[in-house]
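Okay, structure first, notes after.
On a predicted model such as this, the values are computed, not experimentally measured, just so you know.
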Amino acid sequence: AKKLRNVHLIVPKFLKFPIEHAIRGIFEGVFLANYVFDQLKGDTPKENLTVLIDNLSVSGVDKKVQRQIDRIHAMASAVYFVRDLVNGNA
């Protein structure tokens, strides 16, 4: 699997709608797309490399938004667990 070591996100101020909606969409997409189940696969071909994020840093958010990001990350971790159960022999 190919890994991106660090990803830095700068969250802009949104004027048309609440920032909570944008944060939820951005981070659910980032966290849920970061899942890969390769425990049952052999060596993967080089053209099908999986991209995973090791470290995600966020700039431009306050503590309230950071708590929301933490909740989204916890939800994504639960989704990863369920996906592992479904994909594996649960």
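For Arg83, there are no salt bridge (charged side-chain N to carboxylate O under 4.0 Å, His left out) partners, not counting sequence neighbours. For Lys64, the salt bridge (charged side-chain N to carboxylate O under 4.0 Å, His left out) partners at least two apart in sequence or on another chain are Glu20. Residues meeting the ring pair (Phe, Tyr, Trp, His ring centres under 6.0 Å) test with His21, sequence neighbours left out: none.
When all heavy atoms of Tyr80 and Leu32 are compared, the pair lying nearest together is OH-N, 4.2 Å. Summarising the geometry of Ile69 relative to Phe31, their closest heavy-atom pair is O-CE1, 3.9 Å, with the distance given to 0.1 Å. Closest approach of Ile23 to Ile72, counting heavy atoms only: O-CD1, 4.1 Å.
With values rounded to the nearest 0.5 angstrom, Ile26 atom CD1 is found 13.0 Å from Arg24 atom CZ. The structure places CZ of Arg71 at 10.5 Å from CD of Gln66, a figure rounded to the nearest 0.5 Å. Remark: Leu9 CG to Ser59 OG distance equals 8.5 Å, nearest 0.5 Å.
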